[in-house]
Amino acid sequence: MKFLIVFVALFALAVASPVNPDADAVIVRQEADVGPEGYTAYSETSNGIKEESSGHLINQGTEDEGIAVRGSFSYPAPDGSIISLTYTADENGFQPQGAHLPVAP
C-alpha cells in the first residue's frame with residue numbers, strides 16, 4: 001500500500017512539472033513598419049528568441065511581382081549555445097544560412 005501511495009505521489013509531481021519551460025515566455029520588444037511597397041519587423045521574447053526581417057516589392061506591375069525578404073532569427077539551444085539563421089527569400093526561393101545547417105557534399 002505504501003508503494004502505491006508513493007508511486008501516485010511521484011506520478012502527480014511528474015505530471016504537475018512544467019513540460020515546456022518556454023510556455024510562459026512573453027514578448028519583450030516588438031516593432032514593425034509596414035508600407036505599401038515594403039516592411040521591416042523585429043521581435044524579441046523573454047526566453048531569448050529574436051527575429052528580424054525586411055521585405056520590399058520586386059517586379060512591381062508585372063506577372064512576376066512579389067516580395068523579396070531578408071531576415072534572421074536566433075534562439076537558445078538546450079545546451080545554452082545560440083542557434084542563428086539568416087535567410088533570403090525571393091524569386092530564387094528560400095536561401096537559409098547558419099552554422100548549424102548541414103553542408104552538401
Side-chain angles (χ1 to χ4, degrees):
M1 183 68 166
K2 287 181 182 179
F3 174 76
L4 180 61
I5 293 171
V6 170
F7 178 77
V8 170
L10 289 174
F11 180 76
L13 284 173
V15 172
S17 68
V19 175
N20 182 356
D22 294 329
D24 294 327
V26 295
I27 296 171
V28 295
R29 184 173 161 208
Q30 186 173 31
E31 299 173 12
D33 182 19
V34 180
E37 294 184 11
Y39 77 93
T40 60
Y42 177 87
S43 62
E44 183 177 347
T45 61
S46 60
N47 60 349
I49 298 171
K50 297 178 184 178
E51 180 277 331
E52 65 181 298
S53 63
S54 63
H56 64 277
L57 192 60
I58 57 172
N59 303 318
Q60 188 173 3
T62 71
E63 187 175 294
D64 296 325
E65 183 174 290
I67 298 177
V69 177
R70 290 186 182 271
S72 65
F73 61 87
S74 64
Y75 58 93
D79 66 2
S81 65
I82 301 296
I83 304 294
S84 296
L85 184 122
T86 59
Y87 63 89
T88 301
D90 56 18
E91 65 271 11
N92 298 314
F94 181 69
Q95 303 156 48
Q97 295 179 334
H100 66 289
L101 297 176
V103 177

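What you see below is based on every heavy atom in this structure, not just the backbone, and it leaves out hydrogens, waters and symmetry mates. Residue indices begin at 1 and follow the sequence shown.
For the residue pair Gln95/Asp90, the side-chain donor-acceptor check at 3.5 Å is satisfied.
Within a 6.0 Å sphere centred on CG of Asn92, other residues, nucleotides and ligands contribute more than 12 heavy atoms.
Here CZ of Arg29 is found 5.0 Å from OH of Tyr42. Values are rounded to the nearest 0.5 Å. The CD atom of Glu91 sits 4.0 Å away from the CD1 atom of Ile58 when rounded to the nearest 0.5 Å.
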Using distance only, find each side-chain donor-acceptor pair of residues 65-83 under 3.5 Å and give its atom names and separation, not counting sequence neighbours.
unit_1: Glu65; atom_1: OE1; unit_2: Gly61; atom_2: N; d: 2.6
unit_1: Arg70; atom_1: NH1; unit_2: Thr88; atom_2: OG1; d: 3.4
unit_1: Asp79; atom_1: OD1; unit_2: Ser81; atom_2: N; d: 2.9
unit_1: Asp79; atom_1: OD1; unit_2: Ser81; atom_2: OG; d: 2.7

List, one per line, each side-chain donor-acceptor pair under 3.5 Å for residues 46-57, sequence neighbours excluded.
unit_1: Ser46; atom_1: OG; unit_2: Val26; atom_2: N; d: 3.0
unit_1: Asn47; atom_1: OD1; unit_2: Thr45; atom_2: OG1; d: 2.4
unit_1: Asn47; atom_1: ND2; unit_2: Asp22; atom_2: OD1; d: 3.2
unit_1: Glu51; atom_1: OE2; unit_2: Ser53; atom_2: OG; d: 3.2
unit_1: Ser53; atom_1: OG; unit_2: Tyr39; atom_2: OH; d: 3.2

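Residues passing the side-chain contact (heavy atoms from CB on, under 4.5 Å) test with Asp33, sequence neighbours excluded: Thr40.
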